[in-house]
Protein chains: 2
Amino acid sequence: MHPGLSIDCVIFGFHESELKVLLLKLKNQKLWSLPGGFVDRQKAVDSEAVEVLFRRTGLRDIFLRQFYLFGDTDRHLPGHANKLVATDVIPPELENWFDQRFVSVGYYALVEYSKVQAPRPDFSSDSCTWKNMKDLPDLMLDHEKIIQKAYQILKRELNDQPIGLNLLPDEFSMSELQALYETVLDRKLDRRNFRRKMLSYDILEDTGKRRTGGAHKSPRLYRFNEEKYHKAIEDGLRSLW
Amino acid sequence: MHPGLSIDCVIFGFHESELKVLLLKLKNQKLWSLPGGFVDRQKAVDSEAVEVLFRRTGLRDIFLRQFYLFGDTDRHLPGHANKLVATDVIPPELENWFDQRFVSVGYYALVEYSKVQAPRPDFSSDSCTWKNMKDLPDLMLDHEKIIQKAYQILKRELNDQPIGLNLLPDEFSMSELQALYETVLDRKLDRRNFRRKMLSYDILEDTGKRRTGGAHKSPRLYRFNEEKYHKAIEDGLRSLW
DNA sequence: CCAAAAGTGTTTCGAGTACACCCATGA
DNA sequence: TCATGGGTGTACTCGAAACACTTTTGG
């Protein structure tokens with residue numbers, strides 16, 4: 001039957017200057033979980049991850065990155081499967097099977113919060129919602145650890161790769177982009193230096209438009225040049241050697 | 001039985017200014033393979049990788065990094081298992097099982113070539129030797145791709161992390177360290193700039209000794225300050241943000 | 001007219017790069 | 001004494017960081 005291989009997706013979203021993660025709440029339990037699923041023996045692992053993302057968010061063609069394989073033997077506590085049976089999450093005949101070691105591949109994705117319309121829970125969970133990274137609920141298994149690892153890798157990769165595409169509207173102001181970086185990095189950045197550095201990456205285009213409506217000076221709107229953006233991800237933004 | 005999960009280790013060694021990979025030659029075949037093995041359901045994946053490294057090289061406490069999970073459906077060509085049976089690598093009853101999709105976790109290690117005394121082959125292979133990265137033999141499955149991916153990630157990580165520990169003797173000259181970097185990067189570096197930059201990382205200690213015996217000025221010998229070295233790996237050598 | 005955000009330029013500092021000469025050693 | 005590699009310093013350029021005032025907008 002199952003190959004004993006599952007995937008877990010850490011789906012990051014950004015909203016109101018806060019970094020969010022999409023989580024499922026398990027039926028009849030207080031625990032939450034990452035969206036994921038088992039990988040069929042016939043399917044390629046990476047494409048299954050794409051499917052999970054699609055099932056939960058309705059989004060395709062999103063930056064999705066495999067970042068780690070979690071394969072420790074102590075990923076769940078004794079009695080874990082028992083609890084799942086007791087709370088009706090899985091049928092009793094699967095209890096033993098669920099008590100063995102699981103190997104899970106972690107993926108993370110960056111998606112635009114507003115484009116995800118009413119994320120849908122699956123059969124084993126009764127809600128699917130965005131949770132603030134700074135205020136995560138109790139999570140099953142080692143999902144907390146998986147999220148933290150994804151976050152750590154995301155921050156490290158920020159040094160070599162741009163982010164923003166799929167995390168912001170198609171057109172955005174420089175301040176919005178900066179707010180994204182500040183949120184992910186969890187600290188303030190200098191406005192002037194940020195603008196200069198970001199423009200120097202040569203991945204932005206000025207749309208020529210302005211956003212009006214705020215009680216302030218109307219900002220220019222930019223968009224990503226997707227070709228250059230993807231090239232930057234491929235080649236890295238800098239290399240020391 | 002098997003969980004359908006295997007590991008493959010790309011073990012890099014460095015010798016005479018060449019980057020080597022430790023490979024096994026399959027019994028009765030012209031194909032070579034990466035050292036690896038299946039992961040028992042009871043075992044943690046990372047520690048199995050440590051075991052593979054130990055079985056082949058006799059080394060423990062070596063930098064070993066999980067770098068990717070290979071989970072495509074087309075990892076081997078049709079007839080692959082059949083060939084393995086025909087050439088006596090596996091018994092016939094396993095043919096069907098060997099024909100399904102395999103998921104393999106890639107690890108890479110950096111070890112000192114000279115410390116590996118006569119690497120030992122396993123039951124399915126008749127030799128285990130170092131092969132030059134620039135002249136790889138034909139490899140089974142997607143092992144060539146795995147090696148190239150490991151190499152690519154190694155080069156990228158060089159921008160954030162030092163290398164050298166376990167790849168060089170305990171004490172080494174600056175030129176030897178530079179030769180290592182030049183080999184991995186596959187290009188020449190400026191001697192003066194290399195020294196300055198490397199010293200600025202603050203991970204080296206001057207042993208106070210010199211190496212004599214060459215027909216030249218005798219070079220200072222350095223060693224890594226392991227505490228600082230590991231801290232540099234943890235924290236990264238630089239951060240742009 | 002005022003509050004709030006947008007836009008802009010300069011200086012300072014450190015790291016990266018290019019480059020050339022003298023020194024020590026063993027053969 | 002000579003060939004070979006070891007050791008060192010300086011000038012230039014560029015990116016990073018610190019820092020303050022003026023402009024635009026809607027309320």
Side-chain angles (χ1 to χ4, degrees), chain A residues 16-17 155 158-162 164 168-169 171-183 185 187-223 232 235-241, chain B residues 16-17 155 158-162 164 168-169 171-183 185 187-223 232 235-241:
Chain A
E16 289 173 353
S17 294
K155 275 200 286 190
L158 217 54
N159 283 320
D160 273 294
Q161 296 171 13
L168 293 173
E171 301 186 342
F172 49 88
S173 68
M174 191 61 79
S175 300
E176 286 163 343
L177 183 57
Q178 180 175 342
L180 169 62
Y181 271 77
E182 288 180 343
T183 300
L185 293 166
R187 65 190 179 82
K188 289 278 164 224
L189 301 172
D190 182 271
R191 207 150 43 89
R192 291 157 288 189
N193 293 335
F194 179 82
R195 167 185 296 267
R196 188 173 4 187
K197 182 188 276 194
M198 197 52 63
L199 290 175
S200 78
Y201 288 163
D202 190 30
I203 54 174
L204 293 180
E205 287 170 2
D206 193 331
T207 63
K209 296 185 229 171
R210 305 272 177 140
R211 171 172 307 134
T212 57
H216 323 294
K217 183 166 179 176
S218 51
R220 288 166 192 273
L221 294 179
Y222 296 88
R223 78 169 79 84
D235 300 348
L237 285 173
R238 59 175 184 167
S239 81
L240 208 52
W241 295 103
Chain B
E16 288 173 354
S17 293
K155 275 201 286 191
L158 217 55
N159 283 319
D160 273 295
Q161 295 172 15
L168 292 173
E171 301 187 341
F172 49 87
S173 69
M174 192 60 80
S175 301
E176 286 163 343
L177 184 57
Q178 181 175 342
L180 169 63
Y181 272 76
E182 289 180 343
T183 301
L185 294 166
R187 65 191 179 83
K188 288 277 164 227
L189 300 170
D190 182 272
R191 205 151 45 92
R192 289 157 289 188
N193 295 335
F194 178 82
R195 166 185 297 266
R196 187 170 8 175
K197 182 188 274 193
M198 197 53 64
L199 289 175
S200 78
Y201 288 163
D202 190 29
I203 53 174
L204 292 180
E205 287 170 1
D206 194 332
T207 62
K209 298 184 227 171
R210 305 260 171 159
R211 172 171 308 133
T212 57
H216 322 294
K217 183 167 179 177
S218 50
R220 289 166 190 272
L221 294 179
Y222 297 88
R223 76 169 81 85
D235 301 347
L237 284 173
R238 58 174 186 166
S239 80
L240 207 52
W241 294 103

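Here is the naming used below: chain letters follow the sequence lines, and residue numbers restart at 1 for every chain.
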Review point. Between B/Ser175 and D/dG5, is there a side-chain N or O to OP1/OP2 distance below 4.0 Å?
Key: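 Looking at the OP1 and OP2 atoms of D/dG5, neither is under 4.0 Å from any side-chain N or O of B/Ser175.
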Exercise for review: Verify, without hydrogens or angle tests, whether B/Thr207 (side chain) and B/Leu221 (backbone) share a donor-acceptor contact under 3.5 angstrom.
Suggested key: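 Pair found, side chain donor or acceptor close to backbone of B/Leu221.
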Practice item. Could you tell me whether a side-chain N or O of B/Gln161 sits under 3.5 Å from a main-chain N or O of B/Leu237, the two making a donor and an acceptor? Key: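 Judged by distance alone, no pair lies under 3.5 Å.
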Rounding to a whole Å, what distance do you find between [X]:[atom1] and [N]:[atom2]?
| X | N | atom1 | atom2 | answer |
| --- | --- | --- | --- | --- |
| B/Phe172 | D/dG5 | CZ | P | 20 Å |
| B/Leu237 | C/dA15 | CG | P | 13 Å |
| B/Arg211 | D/dG7 | CZ | C1' | 16 Å |
| B/Arg238 | C/dG14 | CZ | P | 19 Å |
| B/Glu182 | D/dG5 | CD | P | 13 Å |
| B/Arg220 | C/dC23 | CZ | P | 16 Å |
| A/Lys188 | C/dA5 | NZ | P | 10 Å |
| A/Phe194 | C/dA5 | CZ | C1' | 16 Å |

Side chains of [X] and [Y] in contact at under 4.5 Å (non-hydrogen atoms):
| X | Y | result |
| --- | --- | --- |
| B/Leu189 | B/Gln178 | yes |
| B/Tyr222 | B/Met198 | no |
| B/Met174 | B/Phe194 | yes |

Any protein N or O atoms within reach of nucleotides 24-26 of chain D? Criterion: under 3.5 Å, listing atom names and distances.
{"residue": "D/dT24", "atom": "O2", "partner": "A/Lys217", "partner atom": "N", "Å": "3.0"}
{"residue": "D/dT25", "atom": "OP1", "partner": "A/Ser218", "partner atom": "OG", "Å": "3.4"}
{"residue": "D/dT25", "atom": "O4'", "partner": "A/His216", "partner atom": "O", "Å": "3.1"}
{"residue": "D/dT25", "atom": "O2", "partner": "A/Ala215", "partner atom": "O", "Å": "3.0"}

For nucleotides 15-21 of chain D, list the nitrogen or oxygen atoms of the protein found under 3.5 Å from its nitrogen or oxygen atoms, one pair per line.
{"residue": "D/dA18", "atom": "N7", "partner": "A/Asn193", "partner atom": "ND2", "Å": "2.9"}
{"residue": "D/dA18", "atom": "N6", "partner": "A/Asn193", "partner atom": "OD1", "Å": "3.2"}
{"residue": "D/dA18", "atom": "N6", "partner": "A/Arg196", "partner atom": "NH2", "Å": "3.4"}
{"residue": "D/dC19", "atom": "N4", "partner": "A/Arg192", "partner atom": "NE", "Å": "3.3"}
{"residue": "D/dA20", "atom": "N6", "partner": "A/Arg192", "partner atom": "NE", "Å": "3.4"}
{"residue": "D/dA20", "atom": "N6", "partner": "A/Arg192", "partner atom": "NH1", "Å": "3.2"}
{"residue": "D/dA20", "atom": "N1", "partner": "A/Arg192", "partner atom": "NH1", "Å": "3.4"}

Please list every donor-acceptor pair under 3.5 Å in which a side-chain atom of residues 212-220 of chain A meets a protein atom from a residue at least two apart or in another chain.
{"residue": "A/Arg220", "atom": "NH1", "partner": "A/Asp206", "partner atom": "OD2", "Å": "2.8"}

Review point. Can you list the residues that meet the salt bridge (Lys or Arg N to Asp or Glu O under 4.0 Å) rule with B/Arg192, with sequence neighbours excluded?
Key: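 Result, salt bridge (Lys or Arg N to Asp or Glu O under 4.0 Å) vs B/Arg192: B/Asp190.
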**Study point:** Residue list, ring-ring contact (aromatic ring centres under 6.0 Å, His included) with B/Phe172, at least two apart or on another chain
**Key:**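 B/Phe224.
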Practice item. Sequence neighbours left out, what pairs pass salt bridge (Lys or Arg N to Asp or Glu O under 4.0 Å) with at least one residue falling in residues 195-205 of chain A? Key: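 Non-adjacent pairs meeting salt bridge (Lys or Arg N to Asp or Glu O under 4.0 Å): A/Asp202-A/Lys228, A/Glu205-A/Arg223.
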